[in-house]
There are 2 protein chains.
Amino acid sequence: MTLMKIGEVAKQFNVKADTLRFYEKNGLVGASGRSQSGYRLYNSDDIQRLSFIMRAKAVGFSLADIQDLLSIELDKSNWACADVKNMVDTKLSQIEAKLAELNRFRSSLKSLSDACCGGPDSAEYCSILEALESQNATE
Amino acid sequence: MTLMKIGEVAKQFNVKADTLRFYEKNGLVGASGRSQSGYRLYNSDDIQRLSFIMRAKAVGFSLADIQDLLSIELDKSNWACADVKNMVDTKLSQIEAKLAELNRFRSSLKSLSDACCGGPDSAEYCSILEALESQNATE
DNA sequence: GTTGACCTTTGATTTAAGTCTAAGGTTTAT
DNA sequence: ATAAACCTTAGACTTAAATCAAAGGTCAAC
């Protein structure tokens with residue numbers, strides 16, 4: 001089991017050590033151990049948990065949402081399976097909606113990029129709003 | 001051309017009138033007209049612009065990002081097509097990344113939901129992190 | 001054995017994105 | 001012609017999510 005100090009973890013996830021302490025204070029993830037001198041020591045479970053948090057955050061969940069999801073883990077015996085399924089399905093449908101919107105947006109930008117010559121001419125014909133307009137028309 | 005007052009627009013987009021004034025103050029979108037008594041009047045171009053903003057926001061862009069995108073529109077002639085294409089492609093790749101992450105996340109949650117009985121058993125096997133662990137293994 | 005890069009805590013500050021309050025003018029319905 | 005439901009501005013407040021600052025302890029290197 002490799003133990004990491006806060007600075008190493010911070011570097012690995014590209015965040016500030018402050019942010020990790022903030023997450024700990026807010027019950028998202030902490031170091032499960034300390035050195036004799038009081039330094040936080042993160043083990044691989046902690047890292048996995050943090051990794052989940054970063055992924056969820058990247059996908060647009062708030063820290064509160066993430067806490068909900070993680071509470072399933074911390075609190076297994078207090079959750080009936082049906083509750084878990086329900087909550088996960090709720091988050092899942094949020095994701096599906098987001099996915100759909102993201103795809104729509106992607107194709108808008110894509111058509112804009114395609115319409116855009118990419119040359120040195122002025123961007124007279126590179127209108128974002130026009131690109132969206134044509135998209136709305138086929139909706 | 002139908003002109004709308006701020007309250008109608010707010011209702012249509014499910015935001016507060018305050019939010020629209022805030023967007024105006026920050027140069028994202030304003031009403032292009034005013035009534036004699038000084039009420040904001042939004043025309044269909046304004047609405048289209050606002051619609052773009054809401055979609056971009058839903059997809060996770062910050063207001064600053066959105067301003068970048070819209071600045072192309074306001075300032076067309078000062079942009080070279082190549083610049084526009086560059087910036088749009090940058091945003092596009094951000095979206096692609098998000099899309100990929102979202103898909104990964106979706107399938108994690110989906111496998112969790114599927115594994116989850118939905119019955120009265122305790123959530124012993126409904127741990128997000130366990131589900132992700134098994135997913136990571138096959139990654 | 002001291003310098004510099006770490007780590008600790010507590011508490012204040014920042015930033016983004018709203019949201020609300022106060023003090024008033026306008027429009028609509030009765 | 002007046003109450004209710006709008007609208008205006010300027011400016012204060014809130015919330016989430018960090019980020020920073022101060023004052024100090026620890027550790028590796030030279």
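Quick caveat: nothing in here was measured; it's all calculated off a predicted structure. Quick note on labels: first sequence line is chain A, next is B, and so on, each numbered from 1.
- Atom CG in B/L109 sits 5.0 Å away from atom CD1 in A/I95 (nearest 0.5 Å).
- With 3.5 Å as the limit, one finds no donor-acceptor pair spanning the side chains of B/R40 and B/S35.
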Review item, nucleotides 27-30 of chain C N/O atoms under 3.5 Å of protein N/O:
unit_1, atom_1, unit_2, atom_2, d
C/dT27, OP1, B/S37, OG, 2.7

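- Taking 4.0 angstrom as the limit, B/T19 places none of its side-chain polar atoms (N or O) nearer than this to OP1 or OP2 of C/dA17.
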For this session: List the steps and the verdict of side-chain contact (heavy atoms from CB on, under 4.5 Å) for A/Q94 and A/T90.
Result: CA-CA 6 Å; A/Q94 285 169 20; A/T90 299; 3.9 Å; yes
**Study point:** Worked check of side-chain contact (heavy atoms from CB on, under 4.5 Å) between A/L50 and A/F13
**Key:** CA-CA 9 Å; A/L50 181 55; A/F13 285 95; 3.5 Å; yes
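- Per the geometry, CD1 belonging to A/I53 stands 14 Å off C1' belonging to D/dA17, to the nearest Å.
- Residue B/K16 has no polar side-chain atom (N or O) positioned under 4.0 Å from OP1 or OP2 of C/dG18.
- Between the CG atom of A/L20 and the P atom of C/dC6 there is a distance of 15 Å, given to the nearest Å.
- Salt-bridge check for A/D18 with A/R21: passed, with a basic side-chain N closer than 4.0 Å to an acidic carboxylate O.
- The pair A/R49-A/E24 does not count as a salt bridge, with every side-chain nitrogen at least 4.0 angstrom from each carboxylate oxygen.
- Among residues two or more places apart in sequence or in another chain, the salt bridge (Lys or Arg N to Asp or Glu O under 4.0 Å) test is passed with A/E8 by none.
- Hydrophobic clustering (side-chain heavy atoms under 4.5 Å, transitive across Ile, Leu, Val, Met, Phe, Trp, Tyr) keeps A/L20 apart from A/Y39.
- Note that the CG atom of B/L102 and the CD atom of A/E96 stand 8.5 Å from one another [nearest 0.5 Å].
- Spacing between atom OH of A/Y23 and atom P of D/dA17 amounts to 8 Å, rounded to whole angstrom units.
- Helix-axis bend for the helix from C/dG1-D/dC30 to C/dT30-D/dA1: the local axis fitted to the five terminal pairs at one end deviates from that at the other end by 10°, rounded to 10°.
- Rounded to whole angstrom, the span from the CD atom of B/E8 across to the C1' atom of D/dC7 amounts to 12 Å.
- One finds the OH atom of A/Y42 at 3.5 Å from the CD1 atom of A/I6 (value rounded to the nearest 0.5 Å).
- For the pair A/N43 (side chain) and A/D46 (backbone), a donor-acceptor distance under 3.5 Å is present.
- Spacing between atom CG of B/D65 and atom C1' of C/dA17 amounts to 14 Å, rounded to whole angstrom units.
- Not counting sequence neighbours, the partners of A/L28 by the side chain to side chain contact (heavy atoms under 4.5 Å, CB included) test are A/Y23, A/I53, A/L63, A/I66, A/Q67, A/L70.
- Looking at residues 57-64 of chain B, you'll see B/K57, B/S62, B/L63 sit with a heavy atom under 4.0 Å from some atom of DNA chain C.
- A donor-acceptor distance shorter than 3.5 angstrom exists from the side chain of B/N26 to the backbone of B/F22, with no hydrogens or angles considered.
- Checked against the 6.0 Å centroid criterion, the rings of A/F105 and B/F52 qualify as a close aromatic pair.
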Within the sub-3.5 Å range, which N or O atoms of nucleotides 9-13 of chain C have a protein N or O partner, and how far apart are they?
unit_1, atom_1, unit_2, atom_2, d
C/dT9, OP1, A/R34, NH2, 3.3
C/dT9, OP2, A/R40, NH1, 2.9
C/dT9, OP2, A/R40, NH2, 2.7

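- Residue A/N26 contributes atom CG, which lies 14 Å from atom P of D/dT19 at whole-angstrom precision.
- In this structure, A/I6 places its CD1 atom 13 Å from C1' of D/dT19, rounding to the nearest Å.
- Atom CG in B/L3 sits roughly 14 Å away from atom P in D/dC7 (whole-Å rounding).
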